[in-house]
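In this chain, numbering begins with 1 at the start of the sequence shown.
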Amino acid sequence: MLTPLDNAVMWSAVAEGQADAMVAAWLPGTHSSQFETCGDDMVNPGEILEGAKIGFVVPAYMDIDSIEDLLPEE
């Protein structure tokens, strides 16, 4: 069974034995603070995906050139 969770809940559930595993840890960056808090209570099997990127993606049909273009006009 899969259950979508907030990442803080996901980390503590695995660390406390309420869940068996997760495959959504973005390390070493995005979830580094959760790993520092809970990492000693988990087994890290290693990397499962190389080269993933985190950031904004905008479809080609959008007429914007910057993040500022996403802000509402005043």
Does [atom1] belonging to [X] count more than 12 external heavy atoms closer than 6.0 Å?
X	atom1	value
Asp20	CG	no
Asp40	CG	no
Asp69	CG	yes

Give me the other members of the hydrophobic cluster that Ile54 sits in, counting Ile, Leu, Val, Met, Phe, Trp and Tyr linked by side-chain heavy atoms under 4.5 Å, directly or via other members.
Trp26

What closest approach, in Å, do [X] and [Y] show between heavy atoms, and which atom pair accounts for it?
X	Y	result
Ala24	His31	O-CE1, 3.3 Å
Ser12	Val9	OG-O, 3.2 Å
Ala25	Trp11	CB-CZ2, 3.6 Å

Could you see if Val58 belongs to whatever hydrophobic cluster contains Leu70? Use Ile, Leu, Val, Met, Phe, Trp, Tyr and a side-chain cutoff under 4.5 Å.
yes

How long is the span from the CG atom in Leu27 to the CG atom in Asn44, to the nearest 0.5 Å?
7.0 Å

Would you mind reporting whether Met42 and Phe35 have side-chain heavy atoms less than 4.5 Å apart?
no

